[in-house]
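See structure below.
All values derive from a computational prediction rather than experimental measurement.
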Amino acid sequence: MSRSVQNINPYLVESVTNLIIKKRRSPISAMPPMTYGNKPTDGGNLILSTTEKDELLSEFPDAEKFVRKLMGAHEFSEGTIRWCLWISNE
């Protein structure tokens, strides 16, 4: 399938203009700057496969509030699904 467009911008999508987003070192809002990003550093102990997540929730249904979908570069580019235990200091 192909189609003709008038312009493809630097982000490889059809666009009338060539808008380029410049990098910044300071946040554009009142949020604190992100200095570390999304990188789990727990040695993999809080990361779950879908099977592990399902087993955990079948045994401890109340734990669902602590389970969140993990989306990093690997999950995005490889299409894998992983989960993490998200437990606050409270």
Side-chain angles (χ1 to χ4, degrees):
M1 184 174 131
S2 66
R3 67 180 181 159
S4 296
V5 296
Q6 289 185 349
N7 184 53
I8 298 175
N9 74 14
Y11 301 103
L12 302 178
V13 295
E14 179 182 6
S15 176
V16 177
T17 61
N18 283 330
L19 174 68
I20 297 175
I21 300 171
K22 297 180 181 176
K23 66 180 179 179
R24 300 178 54 105
R25 293 222 177 253
S26 60
I28 60 174
S29 68
M31 298 295 292
M34 182 185 297
T35 56
Y36 198 65
N38 177 10
K39 181 180 176 187
T41 57
D42 68 324
N45 297 307
L46 299 176
I47 297 174
L48 306 170
S49 67
T50 298
T51 302
E52 292 169 324
K53 173 197 67 107
D54 292 343
E55 289 173 0
L56 173 71
L57 295 181
S58 69
E59 191 171 344
F60 303 100
D62 291 341
E64 186 171 7
K65 62 185 173 188
F66 300 116
V67 178
R68 294 193 184 173
K69 192 171 189 178
L70 176 65
M71 179 58 73
H74 177 78
E75 290 76 22
F76 182 77
S77 64
E78 300 295 323
T80 58
I81 297 175
R82 293 195 303 170
W83 306 87
C84 68
L85 292 177
W86 194 279
I87 303 169
S88 67
N89 290 334
E90 299 170 0

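- For Tyr11, the OH atom counts as densely surrounded, since its 6.0 Å shell holds more than 12 non-hydrogen atoms of other residues, nucleotides or ligands.
- Taking hydrophobic clusters as Ile, Leu, Val, Met, Phe, Trp and Tyr residues chained together by side-chain heavy-atom distances below 4.5 Å, Val5 does not share a cluster with Val16.
- The heavy-atom pair separating Leu48 from Leu85 by the smallest distance is CD1-CD2, 4.0 Å.
- When each of Ile47, Leu70, Val67 is paired with Trp83, the side chain to side chain contact (heavy atoms under 4.5 Å, CB included) condition holds for Val67 and for no other.
- Residues Leu56 and Ile81 fall within the same hydrophobic cluster, defined by Ile, Leu, Val, Met, Phe, Trp and Tyr side chains chained together at heavy-atom separations under 4.5 Å.
- Salt bridge absent: Glu75 and Lys69 never bring a charged side-chain N and a carboxylate O closer than 4.0 Å.
- Counting only heavy atoms from C-beta outward, the side chains of Asn18 and Asn7 approach each other to under 4.5 Å.
- Nearest heavy atom pair, residue Leu57 against residue Ala63, reads CD2-C, 3.8 Å.
- For the atom pair CZ (Arg82) and CE (Met71), the distance works out to 10.5 Å, reported to the nearest 0.5 Å.
- Around the CD atom of Glu64, the shell of radius 6.0 Å holds no more than 12 heavy atoms that belong to other residues, nucleotides or ligands.
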